[in-house]
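Worksheet for the structure shown next.
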Amino acid sequence: MTATSRGALVFYSAFDDPVEWKAALQAAVPGLDVRIADVATGAVDGDSADVRYALVWKPPQGFFARFPNLGLVINLGAGVDALVARDDLPDVPITRLSDPNMSQMMASFVLFCVLRHAREIPTFERAQREGRWHYVHPRTAGEIRVGVLGLGELGSTAALELVRHGFDVRGWSRSPKQLEGVKTCHGAGALPGFLAEADILVVMLPLTGETRHLLDAGRLALLPKGAKFINVARGPVVDEAALIAALRSGAISEATLDVFEVEPLPAESPLWGMENVLVTPHLASIAIPASASAQIAENIRRVEAGEEVQNRVDPARGY
Ligand code: NDP
């Protein structure tokens, strides 16, 4: 098939390296015409009627209208909240990146966060700064209940990794799930009991109409006293002011936060100065061109063959 009959792919992202992506896409789909949109204006060289696919991260408003023959929008990332919130989406299938390497990168970050809290590392970091030998008798992983909120691609991989390290892992999702070694539950009714048994809570939920501020003051208060809190999903799933209050009172003893209600985290945020909080700048996992391109190639093949695409996003559901 020639590049012309295949159609072109337009790439837009102000955050990702277009040259690396272009090379990875062309290695996965030989002959694919990859056109890089101008970050400032969204303008693309060549005949916009050729463009069949758009691989995008936060393109400017009105971007999609330039391409009358678009057949697929691919969100350049796993989280689609910014994309599905738009009012200028074309009426074509929308997919997101799904990549085992991305899941592994996230799972290893979550494992690091959980181990750090499980082994009381922040306590020792503080003690060291004060020149204090501060022995805390370690607990075994099996004694520590880790609750994973959200058991999707990333959440289920992380939950299974934590099982592998011997933690008592529980998971919560919207629909029923079976994951070996994980005590699963689902639905709003199960949430209070789930939170009450999470010594370490890991937030791995997409940001949707239903999950925005799901963890408000009332729900955070259900966690065991002194629970540890990890958010690697999206900041607004948590009421940040309520979280700060819980961290100040000791109701939540420690937090690792990779995502925030406003990013970059504003200089005036009290989170920066809190001794019991580790702030990381939204990097738990990233889109990896070489491996993610294989899934994009498969979806391009499916569009060409008139088949249903994989990892389709439901804009109405929000994920
Ligand atoms: P998925 O869409 O694969 O899974 C989402 C999970 O959340 C599913 O288990 C789903 O339930 C559950 N869920 C959704 N809504 C609800 C609800 N209302 N009540 C209960 N459970 C719900 O997402 P991923 O695992 O791929 O990714 C999770 C999030 O991680 C992304 O949306 C993104 O925001 C974030 N992310 C963060 C990164 C970072 O660097 N910090 C990097 C990449 C992603 P069900 O299974 O029943 O559908």
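Both counts, for ligands and for their atoms, begin at 1 and track the order of listing. Model, not experiment: these values are computed from the prediction.
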Check ion pair [X]-[Y] (N to O, under 4.0 angstrom):
X	Y	result
Asp50	Arg35	yes
Glu304	Arg301	no
Arg312	Glu308	yes
Arg126	Glu120	no

Q: Locate the shortest heavy-atom distance separating Ala158 from Ala107; write the atom from each residue and the value.
A: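 Smallest heavy-atom distance, with atoms named: CA-CB, 3.8 Å.
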Q | Closest non-hydrogen atom pair, Asn75 against Val80 | A |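 Where Asn75 meets Val80 most closely, the heavy atoms are ND2-CG1, 3.4 Å.
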Could you find the nearest protein heavy atom to [atom] and give me its residue, atom name and distance?
atom	answer
atom 42 (C) of ligand 1	Ser285 O, 3.6 Å
atom 36 (N) of ligand 1	Arg234 NH1, 3.8 Å
atom 11 (O) of ligand 1	Arg174 N, 3.2 Å
atom 31 (C) of ligand 1	Gly79 CA, 3.9 Å
atom 7 (O) of ligand 1	Pro206 CD, 3.3 Å
atom 2 (O) of ligand 1	Tyr319 CD1, 3.3 Å
atom 6 (C) of ligand 1	Gly152 N, 3.6 Å

Examine ligand 1 and decide if any of its atoms is less than 4.0 Å from a heavy atom belonging to [X].
X	answer
Leu207	no
Arg96	yes
Thr208	no
Phe109	no

Q) Any side-chain heavy-atom pair from Leu76 and Asp16 closer than 4.5 angstrom? A)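 Heavy-atom side-chain distance check passes, below 4.5 Å.
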(Q) For a 4.5 angstrom cut-off between non-hydrogen side-chain atoms, does Leu111 reach Phe109? (A)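 No, too far: nothing below the 4.5 Å cut-off.
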Close-contact set for ligand 1 against [X] heavy atoms, below 4.0 Å:
X	answer
Ala284	39 (C), 40 (O), 41 (N)
Ala78	43 (C), 44 (C)
Met204	28 (C)
Leu151	6 (C), 8 (C), 9 (O)

Q) Between Lys183, Arg170, Arg145, which is the residue that forms a side-chain hydrogen bond (donor to acceptor under 3.5 Å, both in side chains) with Glu197? A)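 Result for side-chain hydrogen bond (donor to acceptor under 3.5 Å, both in side chains) with Glu197: Arg170.
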Q.
side-chain contact (heavy atoms from CB on, under 4.5 Å), that's the test. Do Val238 and Val259 meet it? Break it down for me.
A. CA-CA 10 Å; Val238 187; Val259 289; over 6 Å; no
From [atom], work out which of [options] has a heavy atom at the shortest distance.
atom	options	result
atom 41 (N) of ligand 1	Thr157, Val232, Asn311	Val232
atom 27 (O) of ligand 1	Leu154, Thr211, Asp81, Leu283	Leu154
atom 12 (C) of ligand 1	Leu205, Val80, Asn231, Leu214	Leu205

Q: Could you point out which residue of Arg234, Arg212, Lys58 forms a salt bridge (charged side-chain N to carboxylate O under 4.0 Å, His left out) with Asp81?
A: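 Only match with Asp81 under salt bridge (charged side-chain N to carboxylate O under 4.0 Å, His left out): Arg234.
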(Q) For Met106, which part has a heavy atom under 4.0 Å from ligand 1: side chain, backbone, both, or neither? (A)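 For Met106, only side-chain atoms sit under 4.0 Å from ligand 1.
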